[in-house]
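Let me begin by presenting the structure, written as structure tokens, before commenting on it.
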Amino acid sequence: MTRLVCPFCGARELGEFEFRKTLPEPGGTPFAQVYERIERPALSVEHWQHVEGCRGWLLVHRNPSTGDVLGTELLGGGPL
Amino acid sequence: MSAVAADALAGVRLERGAAVRTLEFVAFAFPPDGALRAAWPVEPGAVSLGPDDRPTLLHFAPARWLLPDPDEALTALVAAAVDAGAGTLVDVSGKWQAMQLTGPGAARVLASAVDLDAVLAGRGCAALVLFDCPLVLARVTGGFALWVRASYACDFTAAVERHRPSG
Amino acid sequence: MNVPARRGSRLGATTVRFTFDGREYRGQAGDTAASALLANGVRLFGRSIKYRRPRGLFAAGPEEPCALLSVGAAGDVIPNVPAPQLALRDGLVCWSQNRWPTLALDLAALLQAGAGLLGAGFYYKTFMWPSWRSYEPMIRNLAGLGRAPRACELPPVSTEHLCCDVLVAGAGPAGLAAGLAAARAGARVVLCEREPVCGGELDFEGGTIGALAAADWVRTTLAELAARGARVLTDTAVVGGSGGLVIAHAEPGGVAGANAIYRIRPREFVIATGAVERPIAFADNDRPGVMLLGAAERFLARYGAHAGRELVLFANHDRAYAAAARLRAGGMRVRAIIDCRTEAEFGASGTAVSLRDQFRRDGTECLPGHALLAAEGGRGVRAAVIAPLAAADARRTIACDTILVSGGWTPLLHASLHEGGAPRYAPELGAFVAGAEPDWRRSAGAANGALELNNALADGWAAGARAARRAGASGDAGVAPAGRGDDAPRLVPFCRSPARRVDERRQFVDLQNDVTVADLRSALTEGFQDIEHVKRYTTLGVGTEQGRTSGVLGAAIVAELRGVTPAAVGTSRLRQPYQPVTMRSLAGDRVGAALRPARRTPLHDWHLAHGGVLEPMGLWLRPRYYRASGADAHAAAIAEALRVRTTGGILDGSTLGKIEVAGADAAAFLDRMYLTRASTIRTGRSRYMVNLREDGMVLDDGLVLRLAPERYLATTGSGHATHVLSHFEHYRDTEWSGRAITLTDVTEAWAVIVVAGPQSRAGLGQVLGAGWQQALARIAHMEFVAGDFAGAGLTVLRASFSGELAFELHCRPSLAVPLWQALVDVGLPPYGLEALDILRVEKGYLVGSELNGETTPMDLHLGLASLGNACVGHELLDRPAFHEPARRCLIGIRASDGCAKFLAGAQLVTADAQTRPCGYVTSSVYSPTLGEWIGLALVARRTAIEGTVLTACDPLRGGNTTVRLVPPVHVDPDGLRMRA
Amino acid sequence: MRRHGRVPARAVYARACDESPPNEPLTARRRCRVSGPDPRYSAWSLLRARIAGDGYWRPLWSGRVLADAYDVVVVGAGGHGLATAYHLARDHGVRRVAVLEKRLVGYGNVGRNTTIVRSNYLLPENHYFYEDSLRRWQSLSRDLNYNVMYSPRGVVDLALSDDDWPALARRGNAMRLAGIDAELLDRAGLERFVPELAPRRARRFPVLGGLLQRRGGTVRHDAVAWGYARAASAFGVDIIEDCEVTGVATAAGIASGVETTRGFVRAGRIVFATAGHSGLIGTMLGTPLPIETHLLQAMVTEPIKPLLHTVLVHVFPGHGEAYVCQSDRGGIVMGGHLDGFPSYTREGRWDRLEEVVQGAVDLLPQIAGLRILRQWAGTNDMTMDGSPIIDRLRYDNVFINAGWCYGGFKAIPASGSACATLVATGTAPDLIRAYRLSRFATGHLLDERGGGPFPVRL
């Protein structure tokens with residue numbers, strides 16, 4: 001679905017968000033944190049920012065093979 | 001809000017508000033903890049209205065409230081919250097250009113850029129980008145109140161003019 | 001020639017005059033170019049792409065492969081408009097395409113002589129000697145259909161965002177039924193119909209629905225839909241979308257004009273886009289006069305236009321007989337109905353049998369078990385060659401001027417198979433339907449293979465009711481009305497007539513791209529077995545009809561040639577847009593000056609009024625120089641820069657990025673974000689700080705002011721402002737989540753006026769008045785004082801980017817113009833960015849050309865991160881490459897012989913390695929203070945020794961200059977002027 | 001059109017650092033005719049085929065039966081995989097080579113790009129490599145005896161403000177010093193070279209000129225895959241479609257073969273040339289790669305008579321980008337930014353399609369009345385510095401040829417030759433020594449844009 005649900009702003013068009021990176025293996029070396037990426041066909045764990053809305057940063061789980069968004073959560077603390 | 005430059009569009013009026021003192025209160029934690037919950041619209045997109053039905057407190061981003069032209073009572077309330085260490089207050093006067101879009105065609109003009117129902121569903125205000133201009137939108141009696149980032153205000157007005165419903 | 005007034009369901013009475021290929025014709029209101037020209041007896045509409053064979057009108061919708069017209073005057077032409085979609089209007093000018101000199105006499109038609117050599121993929125096997133370049137111009141001129149437009153002025157496009165419970169694509173019987181069911185159940189319905197009129201095929205197949213005649217049912221349904229608040233959009237085709245967003249495109253009149261784009265977000269989507277008729281391949285099936293059976297019916301019923309006088313029908317289903325009856329009733333003579341089904345397959349009961357008997361009584365030959373082998377005639381059909389399937393050589397001809405062919409119907413699956421749909425072969429249709437679809441979408445009616453009216457209504461109604469229920473509507477949709485129309489087609493799949501190999505070169509599968517059965521056969525013999533390969537190699541279905549009439553036909557023929565079932569072959573992947581979309585509509589509001597918004601500083605209007613030359617700087621508009629300062633940009637910049645050095649000047653710096661960082665953890669947060677510590681800045685002072693990207697490269701630099709113990713103002717470069725803000729917000733929400741930090745973008749809350757030059761303090765003192773004299777006298781470098789001026793807040797920061805004594809005034813935007821005007825009035829004229837660039841290069845200060853994401857802090861001599869501050873990016877600075885002698889670092893540069901010129905972007909080479917640059921010039925300006933060209937460069941460490949002589953190679957702009965390396969600070973290295 | 005003095009390739013290959021210029025593989029390139037089952041293509045062959053009737057042409061590639069062991073198994077029958085196999089067989093005489101393809105020859109990115117070839121790169125490690133590729137493009141039709149339609153019509157990077165000139169000049173001057181043709185066009189020069197760009201009305205971002213590489217241009221992408229497949233097959237390479245590699249078997253610390261959907265295949269050496277799926281290979285082998293997989297859309301209009309005779313690259317503020325050219329069939333082909341998030345769907349987001357069209361219409365307002373006919377998408381393996389990786393992966397006999405970001409198509413000829421040399425001889429030729437995987441750890445980054453480890457530009 002190209003509609004991301006921002007936990008604060010609600011469902012918004014994808015164009016309002018900007019993808020920053022897919023996450024590497026947690027806890028790796030500083031080099032791994034910056035350069036390595038975990039690529040899986042069915043699950044991609046990513047950081048996005050809602051730049052055209054509340055500017056909040058989101059942790060997004062997606063299925064890159066189907067495009068479905070599995071879940072989003074606000075990084076800087078959750079909604080109420 | 002005096003009408004400084006009213007464009008009499010067919011069925012749509014876009015009025016610019018005068019430059020007024022505007023504050024942004026930013027809480028340290030989202031969701032804000034106990035002290036604020038009572039006196040504050042903490043729901044995402046919540047708005048509290050002033051006496052003349054004018055939005056005075058808009059929760060448009062996580063733990064971030066816009067206070068356009070706050071009166072003494074509201075200023076005191078915010079000062080108390082700052083003193084209580086709940087967050088910080090920033091005077092952002094000049095950052096947002098206040099505008100009012102009223103008239104029967106107002107919703108149609110905005111519908112050229114966004115799906116209003118989805119954006120304002122169950123909310124008083126929303127931060128979004130219309131015609132490539134970042135702004136905060138709130139529904140008010142007779143139309144919409146908008147706070148457009150000042151540097152975009154001129155082109156936002158031109159865009160509204162382009163999208164005036166024809167006939 | 002006066003043509004008797006025609007009657008048709010879409011025709012008005014008034015006459016409409018238009019020209020085609022320079023000749024004037026008359027049609028009627030409601031006509032399309034196709035129907036009007038057909039009525040005027042025009043048969044020749046265009047020429048095919050490859051062999052330039054004459055082509056007529058073949059279909060009655062956007063799937064028309066041959067009759068594509070160019071609309072408009074020569075220069076401002078809009079090419080490739082399907083004639084059946086082009087609505088007639090008074091004074092319409094349209095042209096045929098792809099022929100020279102005229103449609104009737106096209107010289108390139110000589111290509112037909114070499115048809116044998118021009119099989120599929122011939123151009124991969126030749127045109128290699130001497131090189132492709134020598135053949136390309138000829139081939140490009142032969143290729144392409146419509147003329148290339150030289151200009152295009154189109155009205156604005158209206159855009160509308162819609163959300164609804166149920167969206168229905170297609171307003172044929174199934175679509176109307178789905179919409180009605182959903183509306184009756186209480187759902188908010190939007191219905192898009194590609195044609196100007198709803199009803200689909202009902203307007204010629206007739207029949208009854210419930211108690212009403214089909215046309216009456218359509219009218220009452222539309223009325224009820226309107227009463228229930230449904231929105232019906234005609235001339236509007238669903239063309240694409242992604243992830244639940246559906247895009248519909250309205251193009252009234254069938255050619256780009258006052259178009260509209262609807263961005264629809266439905267909870268449920270019913271796809272009732274119907275099916276498109278496909279032909280059967282036979283020899284010379286591309287001659288003008290060969291047309292789809294349904295197209296002839298549409299032209300008759302809707303426009304009263306006759307496809308021809310003497311018809312021969314060729315089909316593999318029962319509908320041919322009902323259609324033949326209607327065509328005969330319309331005044332056309334049906335000479336023969338060739339039915340490739342055997343007598344047994346034809347069966348003994350049903351209306352088709354009675355119709356056939358009636359036709360036979362009237363002298364029409366009804367020949368089951370026969371096939372139409374070929375069409376005879378050059379620029380128009382003269383006769384049809386037929387033979388029994390059992391004895392293919394017992395040929396005989398039937399004289400006729402039109403052959404109507406129908407091989408069945410191909411469901412339009414573009415929307416159903418997009419994002420999650422999968423096709424399934426339906427043997428009873430001889431075509432594919434949507435096998436699997438995501439829950440929120442359902443195909444219905446002919447698009448789902450339900451061809452019979454009653455099935456289509458039931459299918460549509462069920463889909464509409466399901467959609468309403470899933471969308472949460474609680475009403476009762478009721479029961480679908482019963483429909484009585486044409487019987488079930490009882491189709492027997494039949495894709496091509498028997499033919500000798502040599503005839504296969506004239507059996508066309510894709511009429512637009514001249515793909516023949518012989519091409520498909522040669523693709524298979526060359527190893528291209530998969531349908532995707534066949535499509536790419538033979539260009540099957542890559543034309544404007546995108547496989548509508550050629551896709552399934554091609555797949556069926558490939559299956560026959562390979563000896564497998566069509567299900568095993570499949571069809572090539574359908575892609576967006578579902579129907580070609582005019583680019584002007586996709587561009588929407590972002591055209592011309594509105595491509596991107598222009599950000600304006602509070603002083604924008606003043607600059608315009610006083611000769612400021614404003615140019616884009618990112619999204620901002622900023623003054624590059626002021627016309628009063630000099631004849632051109634270069635002269636003006638030099639004058640302005642010199643003036644700042646000698647007396648003084650003011651600059652609009654409002655685009656500076658400004659972020660207020662506040663909270664108990666603000667100091668610690670900024671220590672993490674910046675190379676050097678912010679926590680050691682005293683309140684009331686500021687410091688030049690640099691922040692790094694995660695990989696250690698410098699991201700941006702700027703001053704950080706400590707406004708209060710727990711409040712900082714971080715200023716960022718204009719070009720990097722949004723990027724740095726996102727970078728800070730990323731760390732606040734991850735590493736520092738839950739800490740006492742707040743970030744507020746206050747870029748537009750403060751106008752910035754830079755007052756620089758020896759007389760800056762005096763002029764500023766004059767403007768600010770008595771209250772500020774003491775502060776201005778005592779203010780130290782990098783210190784700031786907050787006060788007010790004319791009743792509003794004002795901060796005066798003593799900091800310099802020009803190297804002169806300078807002050808940055810931060811005031812509210814409303815105060816900017818009066819303060820600026822006052823400064824001008826006391827003799828501090830404005831200077832622009834060009835002059836600022838001269839001043840900052842003279843001081844060796846850095847901008848984007850040095851902070852280009854490729855330089856570490858060590859490269860720019862900004863100190864090592866190992867000063868103990870664990871800032872972002874410091875972990876990766878110890879990588880070996882950053883400490884190698886080849887690593888480039890910042891250094892000053894000057895021409896060896898004084899006034900020689902060198903420009904930024906010149907590559908620096910040492911004497912002994914002319915082709916291996918050791919560095920490049922990042923910035924270069926003519927310094928009026930020093931009277932010569934100076935600059936900054938990044939040079940390999942081993943070579944970056946002051947005094948070294950290098951060559952600045954600039955072959956792009958006229959050659960080489962000998963230069964020498966000098967310290968980066970060219971003027972006042974000790975900063976005496978700044979600290980005066 | 002001024003022809004630049006052609007400097008012999010070898011003398012020019014001087015690298016930026018102080019190593020000696022890269023040398024060609026010792027085995028002189030045998031210029032031999034591609035003989036084999038399929039007759040040699042030429043105009044005469046078309047005549048002979050017409051006379052001979054059916055059966056004259058034979059399948060382009062014949063080796064379709066999967067043997068159980070090969071010297072080298074190449075995974076991925078895209079441009080890079082097929083070219084590597086071709087050069088292994090032709091230059092290094094490796095007899096048993098198989099190319100295993102999950103779907104169809106040429107079905108991946110090689111058939112999904114906007115067909116642009118150029119060598120106008122900034123960094124020496126890149127522009128020498130892409131120049132080697134561009135020179136091979138010039139003779140590839142004759143080498144493969146398959147017309148790939150190399151059309152040197154020029155590639156122009158447009159300048160929209162005075163601040164663009166330094167970066168374009170830096171790149172152009174570096175190219176000229178490396179013997180690669182480059183010209184800086186001012187406004188008048190640009191309008192002479194691209195008359196269609198004559199400004200009709202005020203532009204939001206005025207076009208001031210551009211950096212032109214005349215020898216850049218376009219190549220028919222499908223022909224590249226089929227040409228290499230045919231030529232490789234003529235040298236005995238097996239090309240097996242519908243054969244997906246699902247795992248790598250290892251024994252005693254080196255790879256012994258690959259698990260496939262058609263059973264186990266023993267292999268002396270394995271080369272992964274899987275482009276958009278390289279990230280998955282890294283995860284499969286337990287070495288996460290510095291690669292993010294992003295979808296890149298392209299689209300084409302209906303065919304019209306010749307309008308645009310060159311390739312235009314139009315990058316403007318506000319995250320705007322569109323590169324535009326016209327195919328030989330007459331359609332205006334366009335591409336732009338990545339979709340901007342990891343995706344294998346090959347379907348593409350609609351707002352990006354609109355943005356590319358906005359950029360193209362802004363550039364050439366006269367095409368606003370044309371219709372977009374078709375959109376498609378490739379799966380781009382974006383590395384953390386924008387340059388490729390041709391190196392060993394985890395095992396001594398497993399190699400990866402990936403990380404092609406935006407530049408995969410134009411790199412095919414050089415990548416095939418250099419990768420074959422690495423796989424055959426074990427040492428990387430100088431041309432691609434900089435494309436080692438370890439460069440990220442050692443800091444020898446090849447970051448043309450300066451964007452750092454974020455393939456999606458902000």
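Residue numbers start from 1 in every chain, and the chains themselves are labelled A, B, ... in the order their sequence lines are given, proteins ahead of strands. Worth saying up front: this structure is predicted, and the values here are computed from it rather than measured.
- Side-chain contact of Gln579(C) with Arg371(D): a donor-acceptor pair under 3.5 Å is absent, judged by distance alone.
- Interface remark: Glu251(C) contributes side-chain atoms only to the contact with chain D (heavy atom separation under 4.5 Å).
- Here the CD1 atom belonging to Ile372(D) is positioned 7.5 Å from the CD1 atom belonging to Ile367(D), to the nearest 0.5 angstrom.
- Among Gly172(D), Ala368(D), Gly359(D), Pro317(D), the residue making the largest number of heavy-atom pairs under 4.5 Å with chain C is Ala368(D).
- Residue Asp837(C) does not touch chain D at all, counting heavy-atom pairs closer than 4.5 Å.
- When heavy atoms are compared at a cutoff of 4.5 Å, Val105(D) approaches chain C by way of both its backbone and its side chain.
- Neither the backbone nor the side chain of Ser849(C) comes within less than 4.5 Å of any heavy atom of chain D.
- Interface remark: Leu117(C) contributes backbone and side-chain atoms alike to the contact with chain D (heavy atom separation under 4.5 Å).
- Your options are Thr301(D), Leu184(D), Asp328(D), Leu211(D), and the one with the most heavy-atom pairs under 4.5 Å with chain C is Asp328(D).
- By the ring pair (Phe, Tyr, Trp, His ring centres under 6.0 Å) test, Tyr920(C) is found to be paired with no residue, residues two or more places apart in sequence or in another chain being considered.
- If you measure heavy-atom distances from Leu956(C) to chain D, the contacts under 4.5 Å come from both the backbone and the side chain.
- Interface residue Arg501(C): only side-chain heavy atoms are found under 4.5 Å from chain D.
- For the pair Thr582(C)/Ile78(C), no side-chain contact is recorded, criterion being any heavy-atom separation below 4.5 Å from C-beta on.
- Within the 4.5 angstrom heavy-atom criterion, only side-chain atoms of Ile247(C), from C-beta onward, approach chain D.
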Quick one, Arg879(C) with Glu884(C), criterion salt bridge (charged side-chain N to carboxylate O under 4.0 Å, His left out). Give me CA distance, side-chain angles, the key distance, then yes/no. CA-CA 10 Å; Arg879(C) 290 182 277 178; Glu884(C) 284 174 350; over 6 Å; no
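- For the set Asp163(D), Leu370(D), Val356(D), the count of heavy-atom pairs under 4.5 angstrom toward chain C peaks at Leu370(D).
- For the residue pair Gln297(D)/Gln375(D), the side-chain donor-acceptor check at 3.5 Å is satisfied.
- Aromatic pair Trp132(C)/Tyr123(C): ring centres not closer than 6.0 Å.
- Contact annotation for Thr539(C): only side-chain heavy atoms (C-beta onward) come within less than 4.5 Å of a heavy atom of chain D.
- Legend: residues meeting ring pair (Phe, Tyr, Trp, His ring centres under 6.0 Å) with Tyr135(C), ordered by chain and number and at least two apart, are Phe127(C).
- Using a 4.5 Å cut-off between heavy atoms, Arg596(C) touches chain D through backbone and side chain atoms alike.
- When heavy atoms are compared at a cutoff of 4.5 Å, Glu694(C) approaches chain D solely by way of its side chain, counted from C-beta outward.
- With a threshold of 4.5 angstrom between heavy atoms, Asp447(D) approaches chain C through its backbone and through its side chain.
- In this structure, no portion of Leu524(C) lies under 4.5 Å from any heavy atom of chain D.
- Atom CG of Leu903(C) sits about 5.0 Å away from atom OG of Ser924(C), to the nearest 0.5 Å.
- Side-chain atoms of Glu136(C) and Ser151(D) include a donor-acceptor pair closer than 3.5 Å.
- For the pair Arg203(D) and Phe205(D), the cation does not sit on the ring face, since its NZ or CZ is not both under 6.0 Å from the ring centre and inside 45° of the axis.
- In this structure, the portions of Val239(C) lying under 4.5 Å from any heavy atom of chain D include both its backbone and its side chain.
- Of the listed residues (Asp954(C), Val591(C), Ile139(C), Asn852(C)), the one with the most heavy-atom contacts under 4.5 Å to chain D is Asp954(C).
- In this structure, Arg220(D) forms no cation-pi arrangement with Tyr150(D), as its terminal cationic atom is not both closer than 6.0 Å to the ring centre and no more than 45° off the ring axis.
- Proximity to chain D (any heavy atom under 4.5 Å) is shown, for Ala940(C), by neither the backbone nor the side chain.
- With no hydrogens or angles considered, a side-chain donor-acceptor pair links Gln546(C) and Arg374(D) at under 3.5 Å.
- Contact tally against chain C (heavy-atom pairs below 4.5 Å) for Leu307(D), Leu46(D), Asn173(D): the top residue is Asn173(D).
- Proximity to chain D (any heavy atom under 4.5 Å) is shown, for Gln576(C), by both the backbone and the side chain.
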